[in-house]
Amino acid sequence: MKGWGRSKIAIETVQSTAKSQRVAAHSHIKGLGLADDGTPEPVAAGLVGQLAAREAAGVIVELIKVKKMAGRALLLAGAPGTGKTALAMAIAAELGTKVPFAPLVASEVYSAEVKPTEILMESFRRAIGLRIKESKEVYEGEVMELTPQETENPLGGYGKTISHVVIGLKTTKGSKQLKLDPSIYEAMQKENIAVGDVIYIEASSGSVKRVGRSDRFSTDHDLETEEYVPLPKGNVHKKKEIVQDVTLHDLDLANAKPQGGQDIMSMVGQMIKPKKTEITEKLRGEINKVVNQYIDQGVAELVPGVLFIDEVHMLDIECFTFLNRALESTLAPIVIFATNRGVTPVRGTNVAAPHGIPVDLLDRLMIIPTLPYGKDDVAQILAVRARVEGLSFADDAIDKLADIGVSTSLRYAVQLLTPSSILAGINGHETVDMDDIEETNDLFVDAKTSGRTLAASEDGYLQ
Ligand SMILES: Nc1ncnc2c1ncn2[C@@H]1O[C@H](COP(=O)(O)OP(=O)(O)OP(=O)(O)O)[C@@H](O)[C@H]1O
Ligand SMILES: [Mg+2]
């Protein structure tokens with residue numbers, strides 16, 4: 001194991017920068033709920049009704065999967081509470097984890113430190129995936145032995161330091177003992193690697209990946225989160241095809257950091273020097289160049305994902321101009337917009353346009369309208385939501401709540417679910433009944449009622 005010098009091993013696994021989903025309002029949505037022929041089931045995967053829009057969304061998902069949608073844009077347009085954001089989440093769920101989905105609420109682009117177009121650019125690059133296949137020299141096997149070797153501290157201080165670590169790896173074909181640099185031992189500790197795990201170590205970079213636990217240890221319990229993998233085949237030392245899914249933004253970040261981050265793609269790391277500390281236009285240009293080379297060489301494959309911009313009417317004319325241009329670049333994702341606005345001025349101008357979107361951009365969009373729900377749909381959605389939240393409602397209570405939902409808004413009705421169950425608890429019963437709903441509805445007001453009250457009693461408020 002010569003040549004495993006310390007200097008080579010500034011390794012850090014790239015952290016995925018995908019945003020975790022914070023919006024619990026849509027946690028009941030698991031997909032579009034389409035049958036195999038693409039037609040929507042009335043109630044499936046947490047979605048209710050809105051059939052035409054779901055079918056259209058299904059077509060879009062297919063287009064995205066066959067990569068026919070890149071650089072195109074879609075608009076979900078409809079009244080508040082008609083399920084636009086819900087549909088976008090369903091599209092994300094259908095695409096799975098291998099296709100990047102970058103959600104952004106338009107108002108997030110306004111910050112004191114960063115230009116709006118910079119945030120848009122970053123979001124664009126979060127939405128473009130790259131699947132890199134590299135054939136790498138690795139040592140792979142089940143860990144049979146993991147022994148750090150200590151020596152006296154060479155600097156003469158107290159205590160001991162680790163001089164190297166001895167690892168025994170086993171495959172179906174044989175086993176091998178490796179003597180490795182202490183920095184690899186640190187990397188292994190970070191990944192919580194223990195005897196009995198299946199791992200591989202990249203020979204060139206020294207980075208360590210845990211594949212899973214050897215299936216010798218698997219038990220019959222289904223509850224375990226551990227992934228069990230079979231003993232690797234072939235020799236311990238071999239060439240292995242390694243597939244890595246990253247986004248362009250991951251690459252930007254890894255290469256913008258002053259040190260480390262070589263692991264994503266050792267080659268990109270080497271080609272772009274010197275290391276910069278900030279993501280600049282120039283850095284992005286260089287990354288694009290390398291990425292394009294990789295694609296040409298067949299080493300990497302582009303996976304255009306989805307950039308979802310909710311409340312798109314909050315963007316101003318500068319952002320729209322940027323979007324127009326960005327959609328034309330060769331590395332563009334699919335962009336999905338959503339808005340509940342009708343004809344309204346484009347922000348930053350006094351020109352009114354449909355949905356507050358400039359007509360030149362609007363012209364490129366495919367529009368999926370979402371329609372207001374009838375009472376039956378509202379009742380179904382409330383029932384689904386109640387089930388997800390683990391609440392129990394009497395049928396007439398759901399019916400009553402659906403009436404409230406139709407006359408006020410779906411969202412208001414959804415929001416009454418939890419408070420009414422708390423009231424039911426106070427009133428001493430487990431299942432929420434009609435009286436609980438009425439009582440809750442008396443305690444709170446919806447937006448429309450509040451507006452009417454304000455209009456009627458203007459004098460009582462400060463202007
Ligand atoms: N068809 C549906 N099936 C199940 N749940 C739905 C459906 N439509 C909407 N919902 C749920 O109702 C609530 C409101 O819907 P959502 O937030 O998607 O509306 P929206 O169209 O994005 O409204 P806004 O224009 O105000 O943003 C959410 O909790 C959503 O998950
Ligand atoms: Mg919404």
### Query
Mind checking what makes side-chain hydrogen bond (donor to acceptor under 3.5 Å, both in side chains) contact with Glu328, not counting sequence neighbours?
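Residues passing side-chain hydrogen bond (donor to acceptor under 3.5 Å, both in side chains) with Glu328: Arg364.
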### Query
Got a sec, which residues hit side-chain hydrogen bond (donor to acceptor under 3.5 Å, both in side chains) with Asp399, two or more places apart in sequence or on another chain?
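For Asp399, the residues satisfying side-chain hydrogen bond (donor to acceptor under 3.5 Å, both in side chains) (neighbours in sequence not counted) are Lys375.
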Looking at side-chain heavy atoms only, is the closest gap between [X] and [Y] below 4.5 Å?
X      : Y      : answer
Val432 : Leu401 : no
Ser207 : Ile201 : no
Ile357 : Leu365 : yes
Leu130 : Leu302 : yes
Phe320 : Asp360 : no
Pro230 : Asp215 : yes

Interatomic spacing from [atom1] in [X] to [atom2] in [Y] - rounded to 0.5 Å:
X      : Y      : atom1 : atom2 : answer
Ile368 : Leu74  : CD1   : CG    : 4.5 Å
Lys282 : Ile287 : NZ    : CD1   : 12.0 Å
Arg387 : Phe393 : CZ    : CZ    : 12.5 Å

Any chance [atom1] of [X] has more than 12 other-residue heavy atoms, nucleotides or ligands included, within less than 6.0 Å?
X      : atom1 : result
Asp37  : CG    : yes
Lys65  : NZ    : yes
Asp396 : CG    : yes

Identify whether the distance between the nearest side-chain nitrogen and carboxylate oxygen of [X] and [Y] falls below 4.0 Å.
X      : Y      : result
Glu122 : Arg125 : no
Arg216 : Glu142 : yes
Glu438 : Lys400 : yes

Checking side-chain polar atoms at under 3.5 Å, does [X] have a donor or acceptor matched by the opposite partner on [Y]?
X      : Y      : value
Asn427 : Glu439 : yes
Thr39  : Glu55  : no
His28  : Arg385 : yes
Thr339 : His313 : yes

### Message
Does Lys136 form a salt bridge (charged side-chain N to carboxylate O under 4.0 Å, His left out) with Glu241? I'd like the steps, not just the answer.
### Response
CA-CA 6 Å; Lys136 285 186 176 164; Glu241 171 114 313; over 6 Å; no
### side chain to side chain donor-acceptor pair (under 3.5 Å) evaluation trace for Asp436 with Ser420
CA-CA 6 Å; Asp436 300 321; Ser420 59; over 6 Å; no
